[in-house]
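Can you read through this structure? Questions will come right after.
Numbered from 1 within each chain, the chains take letters A, B, ... in sequence-line order. Owing to the predicted nature of the structure, the values given are computational and were not obtained by experimental measurement.
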Number of protein chains: 2
Amino acid sequence: MTTQSLFDVLLIAGDIDKLVHEPARLMLLSILYKIDSADFVFLQKQMGLTRGNFSTHMSKLEEAHYIDVKKEFVERKPMTVLSITDEGRTALEKYRSQMKKILAELE
Amino acid sequence: MTTQSLFDVLLIAGDIDKLVHEPARLMLLSILYKIDSADFVFLQKQMGLTRGNFSTHMSKLEEAHYIDVKKEFVERKPMTVLSITDEGRTALEKYRSQMKKILAELE
DNA sequence: CAAACAGGTTTGCATTACAAACTTGTGTTC
DNA sequence: GAACACAAGTTTGTAATGCAAACCTGTTTG
């Protein structure tokens with residue numbers, strides 16, 4: 001392997017989607033990738049984030065259309081349900097493929 | 001695979017070393033991991049960063065002792081040489097192993 | 001000697017991640 | 001039925017970050 005090809009691969013890093021890259025959002029998006037949808041309180045507690053922090057990450061992913069957010073009432077309590085969109089899936093798959101290339105360079 | 005083990009793995013994301021995780025620094029550290037050492041101007045140009053930006057990333061890695069920075073004069077010009085430390089290698093290896101686990105969860 | 005240049009560093013600014021405080025609606029207690 | 005606690009989120013305030021423009025220091029060139 002030449003030094004030049006090393007650079008070529010690592011330059012991918014500059015193209016990384018930072019919305020996906022942030023650890024809390026990567027975690028959230030990955031969970032939804034696997035289980036499709038879940039509610040706010042469940043996710044927030046499992047992930048060990050404060051409600052405020054979780055809420056802002058959720059909003060960012062929603063604005064990017066990576067997830068859908070639906071608010072319902074269940075037993076008269078509000079419940080916010082998050083689910084991943086096709087766009088979200090695509091973004092995560094792209095991210096995964098980019099990161100794999102970068103990490104492979106370190107073998 | 002259970003939903004619980006999914007969470008167990010993804011909680012790793014909360015433990016990610018953000019000093020390594022930032023794309024520009026991940027790129028820089030990865031390059032040094034492979035080629036051991038190189039100079040400021042060469043790296044900055046290859047990576048396509050401004051000098052200012054490169055300089056601050058370099059300083060952060062230096063403060064963390066992930067790289068060593070040596071300033072010499074070559075042909076009467078200042079030259080700054082960066083090299084990875086053992087601590088830097090270890091941090092990158094740990095990061096790589098953590099990210100691989102997270103990405104593997106998405107298979 | 002002035003002006004351009006090379007190699008970095010510092011400063012200023014816009015963005016971000018985070019938690020504390022706030023809001024809104026539901027049950028509970030007296 | 002008024003006051004109070006509670007659950008589910010959102011908004012706000014703040015400290016930290018990433019970035020490039022401006023700055024500094026020494027060297028070469030006209």
- Item | Check: B:Thr80 side chain, B:Lys71 main-chain N or O, donor-acceptor pair, under 3.5 Å |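 Not confirmed, B:Thr80 side chain does not pair with B:Lys71 backbone.
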- Task: Identify which nucleotide among C:dA17, D:dG18, D:dG9 has an atom closest to any side-chain atom of A:Arg25, counting heavy atoms from C-beta outward.
- Result: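 Nearest nucleotide to the side chain: C:dA17.
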Please tabulate, one pair per line, each protein N/O and nucleotide N/O from nucleotides 25-30 of chain D that are separated by under 3.5 Å, including the distance.
none

- Kindly write out the residues that satisfy salt bridge (Lys or Arg N to Asp or Glu O under 4.0 Å) with A:Glu107, not counting sequence neighbours, or none if the list is empty.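 Expected list: B:Arg96, B:Lys100.
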- Message: Among residues 35-42 of chain A, which ones have heavy-atom contacts with DNA chain D below 4.0 Å?
- Response: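 When residues 35-42 of chain A is checked for heavy atoms under 4.0 Å from DNA chain D, the hits, listed by number, are A:Phe40, A:Val41.
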- Query: According to a strict under-4.0 Å criterion, is A:Lys71 in side-chain N/O contact with OP1 or OP2 of C:dG25?
  - Reply: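 So the side chain of A:Lys71 is outside the cut-off, no N or O lying under 4.0 Å from OP1 or OP2 of C:dG25.
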- Query: With A:Lys45, which residues qualify under side-chain contact (heavy atoms from CB on, under 4.5 Å), at least two apart?
  - Reply: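 Result, side-chain contact (heavy atoms from CB on, under 4.5 Å) vs A:Lys45: A:Val41.
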- Task: Go through the structure and list residues passing side-chain contact (heavy atoms from CB on, under 4.5 Å) with A:Thr90, not counting sequence neighbours.
- Result: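 For A:Thr90 there are no side-chain contact (heavy atoms from CB on, under 4.5 Å) partners, ignoring immediate neighbours.
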- Task: Could you state the atom-to-atom distance from NE2 of B:His21 to C1' of C:dT16 in whole Å?
- Result: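 About 14 Å, once rounded to whole Å.
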- To the nearest Å, how far apart are A:Met58 CE and C:dA17 C1'?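 Atom-to-atom, A:Met58 to C:dA17, this comes out as 16 Å.
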- Query: Considering the terminal five base pairs at each end of the helix from C:dC1-D:dG30 to C:dC30-D:dG1, what angle separates the two local helix axes, rounded to 10°?
  - Reply: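 Computed angle between terminal axes is 30°.
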- Starting at CG of B:Leu61 and ending at P of D:dT17, how long is that distance when rounded to a whole Å?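 So the two atoms are 13 Å apart, to the nearest Å.
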- Does A:Ser55 make a side-chain N or O approach to OP1 or OP2 of D:dT10 shorter than 4.0 Å?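 Checking D:dT10 against A:Ser55, a side-chain N or O does come within under 4.0 Å of OP1 or OP2.
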- Message: Closer than 3.5 angstrom, by distance alone: can the side chain of B:Glu75 be matched with the main-chain N or O of B:Lys77 as a donor-acceptor pair?
- Response: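 No; judged by distance alone, with no hydrogens or angles, the pair does not exist.
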- Report yes if the distance between the aromatic ring centroids of B:Tyr33 and B:Tyr66 is under 6.0 Å, otherwise no.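 Not under 6.0 Å, so no.
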- A:Leu32, B:Leu6: one ILVMFWY side-chain cluster at the under-4.5 Å cut-off?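 In one cluster with A:Leu32: B:Leu6, yes.
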- Message: My understanding is that only residues two or more places apart in sequence, or in another chain, count here; which of them pass salt bridge (Lys or Arg N to Asp or Glu O under 4.0 Å) with A:Arg25?
- Response: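 None.
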- Contacts of B:Asp68 that satisfy side-chain hydrogen bond (donor to acceptor under 3.5 Å, both in side chains) - sequence neighbours left out: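 Result, side-chain hydrogen bond (donor to acceptor under 3.5 Å, both in side chains) vs B:Asp68: none returned.
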- Item | Common cluster, B:Phe42/B:Leu82, ILVMFWY with side-chain heavy-atom separation under 4.5 Å |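 Same cluster: B:Phe42 reaches B:Leu82 through Ile, Leu, Val, Met, Phe, Trp or Tyr contacts under 4.5 Å.
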- Task: Please check if the side chain of A:Ser83 supplies one atom and the backbone of A:Asp36 the other of a donor-acceptor pair under 3.5 Å.
- Result: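 Absent.
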Using the 3.5 Å cut-off, write out each protein N or O paired with an N or O of nucleotides 18-22 of chain C and the distance between them.
residue, atom, partner, partner atom, Å
C:dC18, OP1, B:Lys18, NZ, 3.3
C:dC18, OP2, A:Asn53, ND2, 3.3
C:dC18, OP2, A:His57, NE2, 2.9
C:dC18, O5', A:Asn53, ND2, 3.1
C:dA19, OP2, A:Thr50, OG1, 3.1
C:dA19, N7, A:Asn53, N, 3.4

Distances under 3.5 Å between nitrogen or oxygen atoms of protein and nucleotides 1-3 of chain C:
none

- Would you mind reading off the distance between A:Glu72 atom CD and D:dA8 atom P, rounded to a whole angstrom?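 Going from A:Glu72 (CD) to D:dA8 (P), I get 14 Å.
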- A:Gln44: what forms a side-chain contact (heavy atoms from CB on, under 4.5 Å) with it, not counting sequence neighbours?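 If we apply the side-chain contact (heavy atoms from CB on, under 4.5 Å) test to A:Gln44, skipping adjacent residues, the hits are A:Phe40, A:Arg51, A:Phe54.
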- Message: Which residues pass the ring pair (Phe, Tyr, Trp, His ring centres under 6.0 Å) test with A:Tyr95, not counting sequence neighbours?
- Response: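 With sequence neighbours excluded, A:Tyr95 shows a ring pair (Phe, Tyr, Trp, His ring centres under 6.0 Å) to A:His21, given in chain and number order.
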- Message: Using 0.5 Å steps for rounding, measure from the OG atom of A:Ser5 to the CD atom of A:Glu105.
- Response: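 One gets 6.0 Å once the value is rounded to the nearest 0.5 Å.
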- Query: Taking NZ from B:Lys60 and P from C:dT10, how many angstroms apart are they, rounded to a whole number?
  - Reply: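 Taking atom P of C:dT10 as the reference, NZ of B:Lys60 is at 14 Å.
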- Donor-acceptor contact below 3.5 Å, side chain B:Ser30 vs main chain B:Leu26: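 Yes: the side chain of B:Ser30 pairs with the backbone of B:Leu26.
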- Rounding to a whole Å, what distance do you find between B:Phe54:CZ and D:dA20:P?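 Rounding to the nearest Å, CZ of B:Phe54 and P of D:dA20 are 14 Å apart.
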- Query: What distance do A:Glu62 atom CD and A:Ser55 atom OG have between them, rounded to the nearest 0.5 Å?
  - Reply: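 Answer rounded to 0.5 Å: 9.5 Å.
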